[in-house]
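Keep in mind the model is a prediction, meaning the values are calculated, not measured. Proteins come first, then strands; the chains are lettered A, B, ... in the order of their sequence lines, and each starts at number 1.
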There are 2 protein chains.
Amino acid sequence: MSGLAIGDVAERTGLAVSAIRFYEEHGIVRPLRNAGGHRRYDRADIRRLSFVMIAQRLGFPLARIAALLEELPDERRVTKADWTRLSTQFRGEIDARIAALERLRDRLDGCIGCGCLSLESCALHNPDDAQAKEGPGPRKLLDEDGQLPG
Amino acid sequence: MSGLAIGDVAERTGLAVSAIRFYEEHGIVRPLRNAGGHRRYDRADIRRLSFVMIAQRLGFPLARIAALLEELPDERRVTKADWTRLSTQFRGEIDARIAALERLRDRLDGCIGCGCLSLESCALHNPDDAQAKEGPGPRKLLDEDGQLPG
DNA sequence: GTACTTTCTCAAGTGCGCTTTAGGTCAAGC
DNA sequence: GCTTGACCTAAAGCGCACTTGAGAAAGTAC
C-alpha cells in the first residue's frame, strides 16, 4: 500500500537489501513498518540513500554522512531549501577535490618532465598536499578531515 | 652501513614501521638484510613506497599497485624511462578522475538549480557515471575497474 | 659490558562497510 | 488453502589495510 518494500528500494537505488538494512542500523534511514513488521520506504528515504551513495563516492565515511543527514530537520519534512543547502556544500567539496587533483597532476607533470626520479620529494613530501587526500584508506578517515564545511 | 633501517624509512615516508613490513609481505618492497637479519632499504624502495602512497590516494587497491610495481624491470635497476611510463599512466588516471568529478559537479548544479529533489535520478541513476567512481568502498574494489590502462 | 632502543617474527586484533547464514514470518498468486 | 518468494532478526563472517602484542635478538651509546 503506502510505501515501497525494501526490495523495491534496492532495485531503484542499486544497493543491496543488506546494505539498506545496515544503513538503517546506522540511523541513515528510518522506514515505517507495516502490520506484519515489514519496512516501508518513501521517496525521502530513497533520496537519503542516494545522498549516501554520492557522498561515499566522494570518500566520506558513513558516520559523517549519518551526522550530516541528522542535521536535516524532520525525516519526512525536508524542504527544497534543505537539499539545496546540502547540495551546495557538496559542490564545494567536489571543487576542492578537483583542485587537489589538479595540483597533484601538475606536480606529477613536473616529475615526468625533469626525470628526477624523486616522487617522494616532488609529489609527496609536500605537506599542503597531504591534506588534499582523495580516496579514504580505512585508517586515513580517522585522523583526517575530508569534511564538509557545514 | 649500506642502506636505511626501517625506522629511517618510516620517518622519511611518513609510513608506520608496521605498514612498511606489511607492504613487504605484499611484495611491494624487497629490502636486503644485513648480517643480523635487519632490513636495509635504498632510495629505490623509498620511491616505491612513495608511489604506493600516491596510488592509494587515488583509490587503487594494494594488490593492483603491487602488480604495477611488479612490472618494473629489476627491483634495483629501474630507469628514468620506467618511472616516466608509470607516471604518465597515472596522469591519465588523474585526468579521468578530474573529468568524472566535473561531470558530477555539473549534474549536481542541475539539481540545485531545478530543485527537483531527485538526486537519485539526476545525479545517480545514470549508468555511465556509475563507472566513474571515486573513493573505493571495500567491496567496490572487487567488481570494479578503477584500473590503470597499462 | 651494561643499559636502552630498535628490530625481528608470528599471531591475533581492529575499523569500516558490508554480506552471509540460520531459522523463522509475511504476503501474493494460483 | 497452499505454495513460493520476499522479508524478518540476530549473530557471525569477510576483505582490505593495517596495528598491536609478545618474546627474543641485534644494534648503539656510554
Side-chain angles (χ1 to χ4, degrees), chain A residues 1-29 31-41 49 52-67 133-144 146, chain B residues 1-29 31-41 49 52-67 133-144 146:
Chain A
M1 292 276 97
S2 82
L4 297 161
I6 195 167
D8 300 328
V9 175
E11 206 172 324
R12 289 193 188 201
T13 57
L15 290 167
V17 165
S18 58
I20 299 170
R21 283 196 278 247
F22 175 80
Y23 291 150
E24 181 178 349
E25 279 176 43
H26 288 259
I28 283 167
V29 282
L32 302 171
R33 299 297 180 119
N34 71 2
H38 286 200
R39 293 168 177 85
R40 290 305 164 212
Y41 298 87
L49 292 172
V52 170
M53 293 173 86
I54 296 176
Q56 294 217 102
R57 206 147 90 194
L58 293 179
F60 287 84
L62 255 200
R64 174 76 180 139
I65 296 170
K133 285 230 157 81
E134 256 290 289
R139 122 199 102 112
K140 308 293 174 62
L141 296 169
L142 299 168
D143 42 27
E144 206 210 333
Chain B
M1 290 279 98
S2 82
L4 297 160
I6 195 166
D8 301 328
V9 174
E11 204 173 325
R12 289 191 189 204
T13 59
L15 291 166
V17 166
S18 57
I20 299 171
R21 283 198 278 247
F22 175 80
Y23 291 151
E24 181 179 349
E25 281 176 42
H26 289 260
I28 283 167
V29 281
L32 301 170
R33 299 295 181 120
N34 71 2
H38 285 201
R39 294 169 177 84
R40 289 305 166 214
Y41 298 85
L49 292 172
V52 170
M53 294 172 86
I54 296 177
Q56 293 217 103
R57 206 148 90 194
L58 293 177
F60 287 84
L62 253 201
R64 174 78 179 137
I65 297 170
K133 286 230 155 80
E134 258 289 288
R139 123 199 102 113
K140 307 294 173 62
L141 296 168
L142 299 168
D143 42 29
E144 207 209 332

A.B. asks: Is B:His38 close to B:Ile6 at the side-chain level, that is, under 4.5 Å between some pair of heavy atoms?
C.D. replies: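 No; the side chains remain at least 4.5 Å from each other.
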
A.B. asks: Shortest non-hydrogen contact from B:Ile65 to B:Ala55?
C.D. replies: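 That closest heavy-atom pairing would be CD1-CB, 3.5 Å.
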
A.B. asks: So B:Leu4 and B:Arg12, side-chain contact (heavy atoms from CB on, under 4.5 Å) or not? Walk me through it.
C.D. replies: CA-CA 10 Å; B:Leu4 297 160; B:Arg12 289 191 189 204; 3.9 Å; yes

A.B. asks: Please tell me which of the listed nucleotides, C:dG17, D:dT19, D:dA17, lies nearest to the side chain of B:Pro61?
C.D. replies: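 Nearest to the side-chain atoms of B:Pro61, counting from C-beta on, is D:dA17.
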
A.B. asks: Verify the contact: side-chain N or O of B:Tyr23 to OP1 or OP2 of D:dC18, cut-off strictly under 4.0 Å; return yes or no.
C.D. replies: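 B:Tyr23 to D:dC18 OP1/OP2: side-chain N or O found under 4.0 Å.
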
A.B. asks: Starting at CG of B:Leu62 and ending at P of D:dA17, how long is that distance when rounded to a whole Å?
C.D. replies: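 Atom-to-atom, B:Leu62 to D:dA17, this comes out as 4 Å.
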
A.B. asks: Roughly how many Å is it from CZ in B:Arg64 to C1' in D:dC16, rounded to a whole number?
C.D. replies: 17 Å

A.B. asks: Starting at CD1 of A:Ile65 and ending at P of C:dC16, how long is that distance when rounded to a whole Å?
C.D. replies: 13 Å

A.B. asks: Side chain of A:Gln56 only, please: which of C:dG17, C:dT20, D:dC18 is the nearest?
C.D. replies: C:dG17

A.B. asks: Could you please spell out the steps behind the side-chain contact (heavy atoms from CB on, under 4.5 Å) verdict for B:Phe22 and B:Ile28?
C.D. replies: CA-CA 9 Å; B:Phe22 175 80; B:Ile28 283 167; over 6 Å; no

A.B. asks: I need the A:Glu24 CD to A:Tyr41 OH distance, nearest 0.5 Å.
C.D. replies: 5.0 Å

A.B. asks: Using atom names, set out every protein N or O paired with an N or O of nucleotides 5-8 of chain C below 3.5 Å, distance rounded to 0.1 Å.
C.D. replies:
unit_1	atom_1	unit_2	atom_2	d
C:dT7	OP1	B:Gly7	N	2.9
C:dC8	OP1	B:Arg39	N	2.6
C:dC8	OP1	B:Arg39	NH1	3.0
C:dC8	OP2	B:Arg21	NH1	2.7
C:dC8	OP2	B:Arg39	NH1	3.0
C:dC8	O5'	B:Arg39	NH1	3.2
C:dC8	O3'	B:Arg33	NH1	3.4

A.B. asks: Quickly work out the A:His26 NE2 to C:dT19 P distance and round it to whole Å.
C.D. replies: 12 Å

A.B. asks: Check the distance between D:dT9's P and A:Glu24's CD and give it to me in whole angstrom.
C.D. replies: 7 Å

A.B. asks: Nearest whole angstrom, please: distance from the C1' of D:dA17 to the CD1 of B:Ile28.
C.D. replies: 10 Å

A.B. asks: D:dC18 P sits how many Å from B:Leu49 CG, rounded?
C.D. replies: 11 Å

A.B. asks: Does the side chain of B:Asn34 get closer than 4.0 angstrom to OP1 or OP2 of D:dG27 through an N or O atom?
C.D. replies: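 Yes, such a contact exists.
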
A.B. asks: What's the spacing between B:Ile54 CD1 and B:Leu49 CG if we round to 0.5 Å?
C.D. replies: 11.5 Å

A.B. asks: Could you go through B:Arg40 and B:Arg33, starting from their C-alpha distance and side-chain angles, then the distance that decides it, and tell me whether this counts as side-chain contact (heavy atoms from CB on, under 4.5 Å)?
C.D. replies: CA-CA 6 Å; B:Arg40 289 305 166 214; B:Arg33 299 295 181 120; over 6 Å; no

A.B. asks: Could you check how far CD of A:Glu11 sits from C1' of D:dA6, rounded to whole Å?
C.D. replies: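 Going from CD in A:Glu11 over to C1' in D:dA6 covers 12 Å.
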
